[in-house]
Novice: 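For reference, the structure I am asking about is given below.
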Amino acid sequence: MTDVAGRFEELAKLVPIPYPWDTREYIARVAEFRGRPIVLCPIDPDALSGTGCGTGSGLWIARAEDDVIMFGAETELHADHIIAHEVGHMLLGHDTSPADPDKPADQGEDLPLATLMPSLSLDAIRSVLRRRDYGTDREIEAETFADMVMVAATLPKRTPSRLRSTFFRARHR
Ligand SMILES: [Zn+2]
(Lines give C-alpha, C1' and ligand atoms only; values in the text may rest on other atoms or scores of the structure.)
Protein backbone atom coordinates (compact mmCIF):
# COMPACT_ATOMS: atom_id res chain seq x y z
CA MET A 1 0.00 0.00 0.00
CA THR A 2 1.15 3.55 -0.71
CA ASP A 3 2.45 5.71 2.12
CA VAL A 4 -0.61 7.95 2.09
CA ALA A 5 0.67 10.30 4.79
CA GLY A 6 3.83 11.00 2.78
CA ARG A 7 1.96 11.36 -0.49
CA PHE A 8 -0.57 13.61 1.23
CA GLU A 9 2.14 15.98 2.39
CA GLU A 10 3.54 16.22 -1.14
CA LEU A 11 0.10 16.67 -2.66
CA ALA A 12 -0.91 19.32 -0.13
CA LYS A 13 2.07 21.36 -1.33
CA LEU A 14 1.09 20.96 -4.98
CA VAL A 15 -2.61 21.50 -4.32
CA PRO A 16 -2.93 23.58 -1.13
CA ILE A 17 -5.94 22.85 1.03
CA PRO A 18 -7.94 26.05 1.60
CA TYR A 19 -8.09 27.27 5.18
CA PRO A 20 -10.75 28.00 6.19
CA TRP A 21 -12.17 25.11 4.19
CA ASP A 22 -13.90 25.91 0.93
CA THR A 23 -15.00 22.96 -1.17
CA ARG A 24 -15.40 24.90 -4.42
CA GLU A 25 -12.00 26.55 -4.00
CA TYR A 26 -10.33 23.19 -3.33
CA ILE A 27 -11.99 21.61 -6.35
CA ALA A 28 -10.91 24.59 -8.46
CA ARG A 29 -7.32 24.06 -7.32
CA VAL A 30 -7.43 20.32 -8.02
CA ALA A 31 -8.91 21.01 -11.47
CA GLU A 32 -6.19 23.54 -12.22
CA PHE A 33 -3.48 21.14 -11.05
CA ARG A 34 -4.84 18.33 -13.24
CA GLY A 35 -5.58 20.66 -16.14
CA ARG A 36 -9.09 19.23 -16.39
CA PRO A 37 -12.39 20.77 -15.28
CA ILE A 38 -14.21 19.01 -12.43
CA VAL A 39 -17.99 18.94 -12.35
CA LEU A 40 -19.65 18.41 -8.97
CA CYS A 41 -22.90 16.54 -9.31
CA PRO A 42 -25.07 16.14 -6.20
CA ILE A 43 -27.24 13.04 -6.31
CA ASP A 44 -29.77 11.43 -4.02
CA PRO A 45 -27.94 9.76 -1.09
CA ASP A 46 -29.57 6.44 -1.97
CA ALA A 47 -29.09 6.76 -5.72
CA LEU A 48 -26.11 4.41 -5.92
CA SER A 49 -27.69 1.98 -3.45
CA GLY A 50 -24.44 1.81 -1.48
CA THR A 51 -22.44 0.57 -4.47
CA GLY A 52 -20.41 3.76 -4.84
CA CYS A 53 -17.18 4.76 -3.16
CA GLY A 54 -16.30 5.15 0.46
CA THR A 55 -19.51 5.13 2.36
CA GLY A 56 -21.23 4.00 -0.81
CA SER A 57 -22.59 7.22 -2.18
CA GLY A 58 -19.73 8.76 -4.16
CA LEU A 59 -18.50 8.19 -7.68
CA TRP A 60 -15.80 9.63 -9.89
CA ILE A 61 -16.38 9.52 -13.61
CA ALA A 62 -13.44 10.44 -15.83
CA ARG A 63 -14.79 11.66 -19.15
CA ALA A 64 -12.71 12.68 -22.16
CA GLU A 65 -12.85 16.41 -21.40
CA ASP A 66 -13.59 16.58 -17.69
CA ASP A 67 -14.08 14.73 -14.43
CA VAL A 68 -17.45 14.30 -12.78
CA ILE A 69 -17.73 13.74 -9.03
CA MET A 70 -21.13 12.45 -7.97
CA PHE A 71 -21.94 12.64 -4.30
CA GLY A 72 -25.01 11.71 -2.36
CA ALA A 73 -24.98 13.16 1.15
CA GLU A 74 -27.42 14.31 3.80
CA THR A 75 -25.02 16.86 5.28
CA GLU A 76 -22.45 19.29 3.95
CA LEU A 77 -19.73 17.63 6.03
CA HIS A 78 -20.50 14.24 4.55
CA ALA A 79 -20.57 15.74 1.05
CA ASP A 80 -17.15 17.31 1.63
CA HIS A 81 -15.78 13.98 2.82
CA ILE A 82 -17.08 12.11 -0.23
CA ILE A 83 -15.69 14.78 -2.56
CA ALA A 84 -12.29 14.65 -0.80
CA HIS A 85 -12.35 10.83 -1.11
CA GLU A 86 -12.88 11.05 -4.88
CA VAL A 87 -10.15 13.70 -5.14
CA GLY A 88 -7.96 11.22 -3.28
CA HIS A 89 -8.48 8.66 -6.04
CA MET A 90 -7.59 11.35 -8.60
CA LEU A 91 -4.46 12.71 -6.93
CA LEU A 92 -3.18 9.31 -5.85
CA GLY A 93 -3.44 8.23 -9.49
CA HIS A 94 -5.86 5.37 -8.98
CA ASP A 95 -7.22 5.63 -12.51
CA THR A 96 -3.92 5.14 -14.26
CA SER A 97 -3.30 1.51 -13.40
CA PRO A 98 -5.67 -1.30 -12.58
CA ALA A 99 -5.57 -2.45 -8.95
CA ASP A 100 -5.88 -6.04 -10.03
CA PRO A 101 -5.84 -6.60 -13.78
CA ASP A 102 -6.79 -10.24 -13.49
CA LYS A 103 -9.92 -9.57 -11.60
CA PRO A 104 -12.99 -9.57 -13.83
CA ALA A 105 -14.74 -6.22 -14.20
CA ASP A 106 -17.42 -5.52 -11.67
CA GLN A 107 -20.85 -5.81 -13.18
CA GLY A 108 -23.01 -2.87 -12.35
CA GLU A 109 -25.39 -2.86 -15.27
CA ASP A 110 -28.33 -2.20 -13.00
CA LEU A 111 -26.93 1.10 -11.70
CA PRO A 112 -29.22 3.92 -12.77
CA LEU A 113 -26.35 6.12 -13.93
CA ALA A 114 -27.99 7.10 -17.17
CA THR A 115 -30.93 8.39 -15.19
CA LEU A 116 -28.67 10.17 -12.73
CA MET A 117 -26.83 11.97 -15.45
CA PRO A 118 -28.51 11.75 -18.83
CA SER A 119 -25.70 13.71 -20.48
CA LEU A 120 -23.26 10.83 -19.93
CA SER A 121 -22.67 8.59 -22.87
CA LEU A 122 -23.13 4.89 -22.42
CA ASP A 123 -19.44 4.41 -23.11
CA ALA A 124 -18.50 6.78 -20.32
CA ILE A 125 -20.75 4.92 -17.93
CA ARG A 126 -19.33 1.56 -18.94
CA SER A 127 -15.79 2.70 -18.35
CA VAL A 128 -16.82 3.88 -14.89
CA LEU A 129 -18.37 0.58 -14.04
CA ARG A 130 -15.31 -1.26 -15.26
CA ARG A 131 -13.06 0.89 -13.13
CA ARG A 132 -15.39 1.38 -10.22
CA ASP A 133 -13.79 -1.33 -8.18
CA TYR A 134 -10.49 0.24 -7.12
CA GLY A 135 -9.78 -2.58 -4.68
CA THR A 136 -9.78 -2.48 -0.91
CA ASP A 137 -6.30 -0.95 -0.55
CA ARG A 138 -7.14 1.97 -2.79
CA GLU A 139 -10.45 2.52 -1.05
CA ILE A 140 -8.60 2.73 2.26
CA GLU A 141 -6.02 5.08 0.72
CA ALA A 142 -8.70 7.39 -0.66
CA GLU A 143 -10.55 7.33 2.65
CA THR A 144 -7.33 8.12 4.55
CA PHE A 145 -6.63 10.95 2.11
CA ALA A 146 -10.14 12.34 2.71
CA ASP A 147 -9.66 12.15 6.49
CA MET A 148 -6.38 14.05 6.17
CA VAL A 149 -7.93 16.73 3.96
CA MET A 150 -10.73 17.20 6.48
CA VAL A 151 -8.28 17.44 9.38
CA ALA A 152 -6.03 19.87 7.49
CA ALA A 153 -9.10 21.93 6.61
CA THR A 154 -10.20 22.31 10.21
CA LEU A 155 -6.93 22.64 12.11
CA PRO A 156 -4.98 25.90 12.30
CA LYS A 157 -2.52 25.88 9.49
CA ARG A 158 1.22 25.61 9.90
CA THR A 159 2.52 26.54 6.50
CA PRO A 160 6.17 26.64 5.52
CA SER A 161 5.71 30.31 4.54
CA ARG A 162 4.43 31.19 8.00
CA LEU A 163 7.33 29.34 9.59
CA ARG A 164 9.66 31.23 7.30
CA SER A 165 8.21 34.62 8.18
CA THR A 166 8.40 33.83 11.89
CA PHE A 167 12.04 32.94 11.41
CA PHE A 168 12.60 36.09 9.40
CA ARG A 169 11.10 38.28 12.09
CA ALA A 170 13.13 36.58 14.80
CA ARG A 171 16.34 37.09 12.90
CA HIS A 172 15.80 40.77 12.18
CA ARG A 173 14.53 41.86 15.51
ZN1 LIG B 1 -13.34 5.21 -3.34
Novice: List the atom of A142, the atom of H94, and the distance in Å for their closest heavy-atom pair.
Specialist: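 It is N-CE1, 4.4 Å.
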
Novice: Does the separation of the ring centres of H85 and H81 fall below 6.0 angstrom?
Specialist: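 So the answer is no for these two rings.
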
Novice: Does some side-chain heavy atom of F71 sit less than 4.5 Å from a side-chain heavy atom of P42?
Specialist: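 Yes, their side chains come closer than 4.5 Å.
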
Novice: Is there a side-chain contact (heavy atoms from CB on, under 4.5 Å) between M90 and I38 once you walk through the steps?
Specialist: CA-CA 11 Å; M90 289 178 185; I38 295 175; 4.0 Å; yes

Novice: Between G72 and I82, what is the shortest heavy-atom contact and its length?
Specialist: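 Reported closest heavy-atom pair: O-CD1, 3.5 Å.
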
Novice: Would the distance check show the side chain of R29 and the main-chain N or O of P16 forming a donor-acceptor pair, the cut-off being under 3.5 Å?
Specialist: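 It does hold such a pair.
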
Novice: Establish, from distance only, whether the side-chain atoms of E139 and H89 form a donor-acceptor pair under 3.5 Å.
Specialist: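 Present: a donor and an acceptor within the cut-off.
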
Novice: Taking all atoms of both residues into account, what is the closest heavy-atom pair of A152 and Y19, and its distance?
Specialist: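 Residues A152 and Y19, closest heavy atoms: O-CD1, 4.0 Å.
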
Novice: Keeping R34 on the side-chain end and L91 on the backbone end, is there a donor-acceptor pair under 3.5 Å?
Specialist: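 No.
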
Novice: Provide the closest heavy-atom pair for S57 versus I43 in the form atom of the first, atom of the second, distance.
Specialist: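 In this case the closest contact between S57 and I43 is O-CD1, 4.3 Å.
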
Novice: If every non-hydrogen atom of H78 is compared with every non-hydrogen atom of A73, which pair is closest and at what distance?
Specialist: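 H78 and A73 have their closest heavy atoms at ND1-CB, 3.7 Å.
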
Novice: Is the closest side-chain heavy-atom distance between I61 and V39 below 4.5 Å?
Specialist: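 Contact flag for I61/V39 side chains = no.
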
Novice: Which residues satisfy the ring pair (Phe, Tyr, Trp, His ring centres under 6.0 Å) test with F145, sequence neighbours excluded?
Specialist: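 F145 satisfies ring pair (Phe, Tyr, Trp, His ring centres under 6.0 Å) with F8 once adjacent residues are dropped.
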
Novice: Are side-chain heavy atoms of V87 and Y26 found at a separation under 4.5 Å?
Specialist: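 In contact.
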
Novice: Can a salt bridge be assigned to the pair R7 and E10 using a cut-off of 4.0 Å between side-chain N and carboxylate O?
Specialist: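 Result for this pair is yes, salt bridge flagged.
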
Novice: Is there side-chain contact between L40 and R24, with at least one heavy-atom pair below 4.5 Å?
Specialist: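 When only atoms from C-beta onward are counted, R24 and L40 do touch, with a gap below 4.5 Å.
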
Novice: Quick check against the 3.5 Å criterion: does R36 have a side-chain atom that pairs as donor or acceptor with the backbone of V30?
Specialist: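 No; zero donor-acceptor contacts below 3.5 Å.
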
Novice: Which pair of non-hydrogen atoms, one from E86 and one from L59, has the smallest distance, and what is that distance?
Specialist: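 Looking at all heavy atoms of both residues, the shortest contact is OE2-N, 3.5 Å.
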
Novice: Determine whether I83 and F33 fall in the same hydrophobic cluster, where Ile, Leu, Val, Met, Phe, Trp and Tyr are linked whenever their side-chain heavy atoms lie under 4.5 Å apart.
Specialist: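 Hydrophobic grouping puts I83 with F33.
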
Novice: Step by step, work out the side-chain contact (heavy atoms from CB on, under 4.5 Å) result for W60 and D67.
Specialist: CA-CA 7 Å; W60 162 30; D67 291 293; 2.8 Å; yes

Novice: Find out whether I69 and I27 are in side-chain contact, i.e. whether some heavy atom of one side chain is under 4.5 Å from a heavy atom of the other.
Specialist: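 Yes, close enough: below the 4.5 Å cut-off.
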
Novice: Step by step, would you call I140 with V4 a side-chain contact (heavy atoms from CB on, under 4.5 Å)?
Specialist: CA-CA 10 Å; I140 295 170; V4 182; over 6 Å; no

Novice: Let me confirm one number: the CD1-CE distance from I17 to M148, rounded to the nearest 0.5 Å.
Specialist: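 Here the rounded value is 10.0 Å.
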
Novice: Just verifying a value: how many Å separate E141 CD and T136 OG1, rounded to the nearest 0.5 Å?
Specialist: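 Spacing of CD (E141) from OG1 (T136) equals 11.0 Å.
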
Novice: Other residues, nucleotides and ligands only: do more than 12 of their heavy atoms fall within 6.0 Å of CD on E32?
Specialist: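 Counting other residues, nucleotides and ligands, CD of E32 stays at 12 neighbours or fewer.
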
